[in-house]
Engineer: 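My questions will all concern the structure given below.
Chain A is the first sequence line, chain B the second, and so forth, proteins listed ahead of strands; every chain is numbered from 1.
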There are 2 protein chains.
Amino acid sequence: MRQESKIIDTCPIQGVIDIISKKWAILIVAVLGNRSAMRYNDILNELKGISPKTLADTLKQLHGSGIISRQSFNEIPPRVEYSLTRDGEKLRDAIIPVVNWAVDRSSHKDCIILQSVLRGR
Amino acid sequence: MRQESKIIDTCPIQGVIDIISKKWAILIVAVLGNRSAMRYNDILNELKGISPKTLADTLKQLHGSGIISRQSFNEIPPRVEYSLTRDGEKLRDAIIPVVNWAVDRSSHKDCIILQSVLRGR
DNA sequence: CGGCATCCGAGAAGATACTG
DNA sequence: CAGTATCTTCTCGGATGCCG
């Protein structure tokens, strides 16, 4: 954020906004929250529509924010697994009310991602 | 969204993301949730750093999404009051866990907006 | 396989000035 | 007072291609 603003810059909520306002971040947290670990291409396939770059960018940012952890194995072929950190799991729990709110407003209640998130409860 | 994607387009969560991913939307919901009604310049002053255009745009979008209501009075000087709809209040309640999560992660827990939101509980 | 580098376009956000 | 109008800047997300 370029702009200086007391109320914003000093506000913890800004950090969250920077995270969840990324288009795919919530979805990634959602799908990751479902399994103990997922590989790059697993996520790529699950989130049909996301580009590799955007996924990589978002994963990097989430990792930097401590939401997800990244473990790479020195294997051939290479393997990298992503999973939620404890903090990430808390985030996933925290967004559930928002997801529920979204479901109530929506006409079509069927959604793979959504079911995934809610199943976690 | 330009991109076609089964999993996303048919997912109710996408609507939420479109709303809360706007940088200022959550903040506006937060500050509005605090008072019964607020005028344009009240919000503008409270959210130091937002430009009139951005505020107008965001208010318009939130209004279109049914999150906030807009009531204008035929007076001189003109008066327009914004407030949360019932749905908006639900959204505000729903984001509280996320806000709390943000507070736990943050080092500086003091935040006007934040206190505002949490006070509503 | 799991990415990173590069380039590009669209839209969000900002600054400033102006109006009904 | 409550916005518009305009112009600019910036970031995001997508496409493609290369590499260890």
Engineer: Please report the distance, rounded to the nearest Å, between CD1 in Ile68(A) and C1' in dG3(C).
Structural biologist: 14 Å
Engineer: As a test of reading the structure: which of dG14(D), dG2(C), dA2(D) is closest to the side chain of Val80(B), going by heavy atoms?
Structural biologist: dA2(D)
Engineer: Compare side-chain N and O positions of Trp24(B) against OP1 and OP2 of dG14(C) and report whether any pair is under 4.0 Å apart.
Structural biologist: yes
Engineer: Taking only the side-chain heavy atoms of Lys22(A) (C-beta and beyond), determine which of dA2(D), dC1(C), dG13(D) contains the nearest atom.
Structural biologist: dG13(D)
Engineer: Does some side-chain heavy atom of Ile20(A) sit less than 4.5 Å from a side-chain heavy atom of Val98(A)?
Structural biologist: no
Engineer: Minimum heavy-atom separation for Arg70(A) to Val80(A), with atom names?
Structural biologist: CG-CG1, 3.7 Å
Engineer: Distance check, rounded to the nearest 0.5 Å: Thr85(B) atom OG1 versus Ile68(B) atom CD1?
Structural biologist: 8.5 Å
Engineer: Roughly how many Å is it from CG in Asn74(A) to C1' in dG20(D), rounded to a whole number?
Structural biologist: 12 Å
Engineer: Less than 4.0 angstrom between a side-chain N/O of Lys23(B) and OP1 or OP2 of dG11(C), yes or no?
Structural biologist: no
Engineer: Please state whether the phosphate of dC1(D), meaning OP1 or OP2, lies under 4.0 angstrom from any side-chain nitrogen or oxygen of Arg39(B).
Structural biologist: no
Engineer: Expressed in angstrom and rounded to an integer, what is the separation of Asp42(B) atom CG from dG3(D) atom P?
Structural biologist: 12 Å
Engineer: To the nearest Å, give me how far apart CG (Leu59(A)) and C1' (dG13(D)) are.
Structural biologist: 14 Å
Engineer: Respond yes when some side-chain nitrogen or oxygen of Asn41(A) is under 4.0 Å from OP1 or OP2 of dC1(C), and no when none is.
Structural biologist: no
Engineer: Please say which of Ile50(A), Asp57(A), Leu59(A), Val29(A) ends up in a side chain to side chain contact (heavy atoms under 4.5 Å, CB included) with Trp24(A).
Structural biologist: Ile50(A)
Engineer: Between Ser21(A) and Pro78(A), name the one whose nearest nucleotide on DNA chain D is closer to the 5' end.
Structural biologist: Ser21(A)
Engineer: Over how many whole Å does the gap from Leu44(B) atom CG to dA15(C) atom P extend?
Structural biologist: 11 Å
Engineer: Rounding to an integer number of Å, can you tell me how far Ile76(B) CD1 sits from dT19(C) C1'?
Structural biologist: 14 Å
Engineer: Does Arg35(B) come within less than 4.0 Å of Glu81(B), counting only side-chain N to carboxylate O?
Structural biologist: no
Engineer: Establish, with yes or no, whether the OP1 or OP2 oxygen of dG14(D) is under 4.0 angstrom from a side-chain nitrogen or oxygen of Thr54(A).
Structural biologist: yes
Engineer: Between dC1(C), dG2(C), dG3(D), which nucleotide gets closest to the side-chain atoms of Tyr82(B)?
Structural biologist: dG3(D)
Engineer: How close or far is atom P of dC1(D) from atom CG of Leu55(B), stated in whole angstroms?
Structural biologist: 14 Å
Engineer: For dC7(C), take OP1 and OP2 only and decide whether either is under 4.0 Å from a side-chain N or O of Lys53(A).
Structural biologist: no
Engineer: Rounding to an integer number of Å, can you tell me how far Ile50(B) CD1 sits from dT16(C) P?
Structural biologist: 16 Å
Engineer: Between Arg79(B) and dG3(D), does any side-chain N or O lie under 4.0 Å from OP1 or OP2?
Structural biologist: no
Engineer: According to a strict under-4.0 Å criterion, is Lys60(A) in side-chain N/O contact with OP1 or OP2 of dC4(C)?
Structural biologist: yes
Engineer: Using the closest heavy atom to pick a nucleotide of DNA chain C for each, name whichever of Asp57(B) or Pro52(B) lands nearer the 5' end.
Structural biologist: Asp57(B)
Engineer: With a 4.5 Å cut-off on side-chain heavy atoms, are Leu91(A) and Leu84(A) touching?
Structural biologist: no
